[in-house]
Amino acid sequence: MSLPCDVPSCVNPVVDGALVCVGCAQRLGRALRLVVGEGDGGLLEDLDLTLARQRRTGPGNMGRRSTETPLAYDPVAAEAAAVLRNTLSTWCRLLHEEIGGRLPADTPAAMATWLGRLTEWLRRCDFGPECVDEVVAAVVEVERAVDLPAERVIAGLCEHCGSPCYARAGAESTRCRECDTPLSVREGRRRLLLAAGEHLVTAADAARALRTLGHEVSAAAVRGYARRGRIQQRGTGSAGRPLYSLGEVVDAYLAGVRPVA
């Protein structure tokens, strides 16, 4: 007989007698990896930059002059950082009382690494559900404090659950935020592009789609493919603009660059 997961925010069943379901354990693992900085994480670096106000977070004031005196630090990020450090430190001390050994260094990355080795043990620990709930919530708050959507690009669709996956510009890998499945950015983009199929688009729209996926292609380049016979006009859009198959544009682009798979 399965019982519900004891993590307050979860309604999934647990089928192996543990208190925490596999999905919540994976969410905890992903949150801790973000703190450590593996894959495309870099969360602590983002947090440091935000705390120093070295870059803008959020939509800004659209160029209008603010009437408020700017702070030397970001108070929202500072609060999130304090909560994260306190949460990690508290749980490291509590778990250390149970299992002994040597406490990690008093840094978020070291504490997250230490806790990351205990995710499976926490599934069967009486206070595991509380630990999962608090640590994941603290990491989510840090993510919100440093969130810069424009600096992330789509990396493809998760092979496991089909959810859109995003990565920092220049990252080689990422993980699905829904199920924690790893994804190669290069392979994910390749599959996404090839799945474009026979969608008819203008040269500008085709270039925009490729740029969204991290490929610097101009509308002029797409029109050049047509002039050289590498793609064929498939119709006419508004204002008489030629329409092309996005799949053919992708094929033409990939044929001119190093193979991505």
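On a predicted model such as this, the values are computed, not experimentally measured, just so you know.
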Visitor: Step by step, would you call Thr119 with Leu32 a side-chain contact (heavy atoms from CB on, under 4.5 Å)?
Guide: CA-CA 10 Å; Thr119 53; Leu32 294 170; 4.2 Å; yes
Visitor: Tell me if a side-chain donor or acceptor on Ser89 pairs with a main-chain N or O of Arg85 at a distance below 3.5 Å.
Guide: no
Visitor: So which heavy atom on Cys21 is nearest to which on Cys5, and how close?
Guide: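 For Cys21 and Cys5, the tightest heavy-atom pair comes out as N-SG, 3.4 Å.
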Visitor: Please assess Val14 against Leu19 for the test side-chain contact (heavy atoms from CB on, under 4.5 Å), listing each intermediate value before the final yes or no.
Guide: CA-CA 7 Å; Val14 181; Leu19 300 176; over 6 Å; no
Visitor: Establish, from distance only, whether the side-chain atoms of Thr113 and Arg117 form a donor-acceptor pair under 3.5 Å.
Guide: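 There is no such pair (donor and acceptor under 3.5 Å, judged by atom type) between the side chains of Thr113 and Arg117.
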Visitor: Look at the side chain of Arg230 and the backbone N and O of Ala252, then say whether any donor-acceptor pair between them is shorter than 3.5 Å.
Guide: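 Looks like yes, one N/O pair under 3.5 Å.
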Visitor: Taking it one step at a time, do Ile231 and Ser245 satisfy side-chain contact (heavy atoms from CB on, under 4.5 Å)?
Guide: CA-CA 8 Å; Ile231 59 176; Ser245 162; over 6 Å; no
Visitor: Please find the pair of heavy atoms, one from His96 and one from Trp114, that lie closest to each other, and give the distance.
Guide: N-CH2, 3.7 Å
Visitor: So Trp91 and Phe127, would you call those rings parallel, tilted or perpendicular, with 30° and 60° as cut-offs?
Guide: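 If you compare the ring of Trp91 with that of Phe127, the planes turn out tilted.
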Visitor: For Thr202 and Tyr244, which heavy atoms make the closest approach, and how far apart are they?
Guide: C-CD1, 4.5 Å
Visitor: Does Arg234 use its side chain to pair, donor to acceptor, with the backbone of Leu243 at less than 3.5 Å?
Guide: no
Visitor: Just one of Leu122, Val140, Leu88 clears the side-chain contact (heavy atoms from CB on, under 4.5 Å) bar with Val135, so which one?
Guide: Leu88
Visitor: Rounded to the nearest 0.5 Å, what's the gap from CD on Glu248 to CG on Leu200? Could you check?
Guide: 9.0 Å
Visitor: Starting from the C-alpha separation in whole Å, work towards a yes-or-no answer on side-chain contact (heavy atoms from CB on, under 4.5 Å) for Val22 and Val15.
Guide: CA-CA 9 Å; Val22 172; Val15 297; over 6 Å; no
Visitor: Taking side chain as C-beta onward, heavy atoms only, is Met111 less than 4.5 Å from Asp106?
Guide: yes
Visitor: Minimum heavy-atom separation for Ala138 and Val83, please, with both atom names.
Guide: CB-CG1, 4.3 Å
Visitor: Check Val20 against Ala25 and note the closest heavy-atom contact, atom names and distance.
Guide: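 Minimum heavy-atom separation between Val20 and Ala25: CG1-N, 4.0 Å.
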